[in-house]
Protein chains: 2
Amino acid sequence: MEPSLLYAIKQVELAVRSHLDDILKGSGVTAVQYTALTVLHRRDGLTSAQLARNSFVKTQSMADIVTALEKARLISRRRDPADVRRILISLTDHGRDLIAQYDDPVRKLEARMTDGLTATQIRDLRHSLNHCRATLSDHPPH
Amino acid sequence: MEPSLLYAIKQVELAVRSHLDDILKGSGVTAVQYTALTVLHRRDGLTSAQLARNSFVKTQSMADIVTALEKARLISRRRDPADVRRILISLTDHGRDLIAQYDDPVRKLEARMTDGLTATQIRDLRHSLNHCRATLSDHPPH
DNA sequence: GGATAATCATCAGGTTTCCTGTTGTTGATA
DNA sequence: TATCAACAACAGGAAACCTGATGATTATCC
């Protein structure tokens with residue numbers, strides 16, 4: 001009986017999170033919080049609601065994470081002058097330092113994971129994952 | 001700046017979980033609990049500790065899930081006569097019914113996710129994911 | 001222009017899923 | 001036999017999710 005692709009993805013993600021938790025032990029942030037930081041590192045000035053949509057969770061759930069990151073002085077928040085409802089989030093210097101500090105071990109984890117795959121296989125894997133992500137986003141659960 | 005493979009996997013898993021939560025709404029089980037049931041469906045008679053290792057979590061964490069499933073009468077537990085420390089877990093008829101009930105919508109979710117990919121691409125994706133899983137298991141965090 | 005709808009942030013309260021740490025029992029090993 | 005490893009379980013706590021509701025602001029439609 002062939003295990004499903006859904007299960008295979010979950011398995012890899014579980015393994016990655018386990019290794020990531022280990023890498024981040026002592027950093028003061030969880031794997032989920034670290035991921036939110038990396039998203040902000042790539043796209044500064046997002047709102048909590050945008051971050052939530054990016055992670056397929058409710059805004060209330062993302063608020064927990066944002067609150068923790070702000071308390072740790074890793075992010076800062078400011079009103080959007082163009083839309084007073086919005087509060088834009090940016091990394092602080094402290095937040096950028098943390099990203100920089102763990103960039104290397106996280107890259108090494110990815111290298112270890114793909115060790116044994118060819119460059120072509122890695123490229124195809126990335127392509128297929130992006131395809132799956134896009135397809136599921138186009139047909140949202142609600 | 002290229003998003004990492006680790007991030008791509010997390011994104012797909014988040015999207016899958018979101019859709020799975022939606023499918024399972026009304027089932028009485030969570031996505032995590034459902035996944036544990038599918039593992040037992042494929043390999044009956046596992047212990048809680050074995051399930052935990054399979055999911056890269058501590059035995060104490062898996063105990064929460066197993067307790068919930070037993071309370072819902074979806075699994076049953078019995079002592080292993082060959083090793084009295086162990087308690088083997090099996091699906092009940094009720095548990096098998098639940099798996100059967102949601103098998104079709106879950107398969108459809110997987111089909112939707114891979115819509116647009118060729119059979120070869122899907123095969124390669126499965127192969128690469130299994131490779132990543134195995135590589136990370138061979139180099140455990142602890 | 002004004003009513004209606006959508007969006008954002010937030011409060012309250014609750015559940016699930018993870019953790020550390022500890023203990024007692026049993027099986028494996030030296 | 002003595003030691004060590006594995007399993008299950010208890011206690012307690014934190015993180016990350018949820019539903020439901022509210023007020024403020026912006027967007028849309030007649």
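Lettering follows sequence order; numbering is per chain, from 1.
Sorted by first then second residue, the salt bridge (Lys or Arg N to Asp or Glu O under 4.0 Å) pairs that include residues 60-72 of chain A, not counting sequence neighbours, are A/Glu70-A/Arg77.
Relative to the side chain of A/Val32, the nucleotides D/dT25, D/dC17, C/dA9 differ in distance, and D/dC17 lies closest. Of the candidate nucleotides D/dC17, C/dT20, D/dA15, C/dT20 has the atom lying nearest to any side-chain atom of B/Gln60. In the set C/dC19, C/dC18, D/dT25, C/dC19 carries the atom at the smallest distance from any side-chain atom of B/Lys58. The side chain of B/Lys25 lies closest to D/dT19, out of D/dT19, D/dT26, C/dG27. Closest contact between the side chain of A/Arg53 and the listed nucleotides C/dG27, C/dC8, C/dC19 involves C/dC8.
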Check the interface with nucleotides 1-3 of chain C: list each N/O to N/O pair with the protein under 3.5 Å, or write none.
none

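Look at A/Arg85 and you won't find any side-chain N or O under 4.0 angstrom from OP1 or OP2 of D/dA24. Phosphate contact (OP1/OP2 of D/dA16, side-chain N/O of A/Thr30, threshold under 4.0 Å): present.
The stretch residues 61-68 of chain A touches DNA chain D through A/Ser61, A/Asp64, A/Ile65, each having a heavy atom under 4.0 angstrom from the strand. Of the residues in residues 43-52 of chain B, none has a non-hydrogen atom less than 4.0 angstrom from any atom of DNA chain C. The stretch residues 71-81 of chain A has no heavy atom under 4.0 angstrom from DNA chain D at all.
Nearest heavy-atom pair across B/Leu51 and B/Ala36 is CD2-O, 4.5 Å.
In this structure, the CG atom of B/Asn54 is 14 Å from the P atom of D/dC7, given to the nearest Å. As rounded to whole Å, 11 Å separates atom P of C/dC19 from atom CG of A/Leu14. Atoms CZ (B/Arg17) and P (C/dT16) sit 15 Å apart, rounded to a whole Å. Between the CG atom of B/Asp83 and the C1' atom of C/dT29 there is a distance of 15 Å, rounded to whole Å. Here the C1' atom of nucleotide C/dT15 and the CG atom of B/Leu69 are 15 Å apart, to the nearest Å. The interatomic distance linking B/Ile89 (CD1) with D/dA9 (C1') rounds to 13 Å, in whole Å. Atom CZ in A/Arg86 sits about 17 Å away from atom P in C/dA6, given to the nearest Å. Protein atom CG of B/Leu24 is 15 Å distant from nucleotide atom C1' of D/dC18, rounded to whole Å.
The side chain to side chain contact (heavy atoms under 4.5 Å, CB included) with A/Gln11 is formed by just one residue from the set B/Leu136, B/Leu129, B/Asn54; it is B/Asn54.
Rounded to the nearest 0.5 angstrom, A/Gln121 CD and B/Leu125 CG are separated by 12.0 Å. Remark: B/His94 NE2 to B/Leu74 CG distance equals 5.0 Å, nearest 0.5 Å. Interatomic distance, B/Leu37 CG to B/Ile89 CD1, rounded to the nearest 0.5 Å: 10.5 Å. For the atom pair A/Leu69 CG and A/Thr30 OG1, the distance stands at 7.5 Å (nearest 0.5 Å). Note: B/Ser27 OG to B/Gln33 CD = 8.5 Å, rounded to the nearest 0.5 Å. Atoms OG1 and CZ, from B/Thr92 and B/Arg73 in turn, are 9.5 Å apart once rounded to the nearest 0.5 Å.
In this structure, A/Leu24 is a member of the same hydrophobic cluster as A/Ile99, with clusters built from ILVMFWY side-chain heavy atoms closer than 4.5 Å. When hydrophobic clusters are built by joining Ile, Leu, Val, Met, Phe, Trp and Tyr residues whose side-chain heavy atoms come closer than 4.5 Å, directly or via intermediates, B/Ile9 is not grouped with A/Phe56.
Side-chain polar atoms of B/Arg112 and A/Thr135 form no donor-acceptor pair below 3.5 angstrom. A side-chain N or O of B/Ser137 and one of B/Arg133 form a donor-acceptor pair less than 3.5 Å apart.
Contact check on A/Asp21 versus A/Arg17 returns a salt bridge, with a Lys/Arg side-chain nitrogen under 4.0 Å from an Asp/Glu carboxylate oxygen. Between A/Asp104 and A/Arg107 there is no salt bridge, since no side-chain N of the basic residue sits under 4.0 Å from a carboxylate O of the acidic one.
With contacts defined as side-chain heavy-atom distances shorter than 4.5 Å, the pair B/Arg78/B/Ile87 does not qualify. Contact of the A/Met113 side chain with the B/Leu6 side chain is registered, since non-hydrogen atoms from C-beta on lie closer than 4.5 Å.
One axis for each end of the helix from C/dG1-D/dC30 to C/dA30-D/dT1, each built from five base pairs, and the angle between them comes to 50° at 10° resolution.
Comparing A/Val84 and A/Gln33 along DNA chain D, the residue whose closest nucleotide (by nearest heavy atom) sits nearer the 5' end is A/Gln33.
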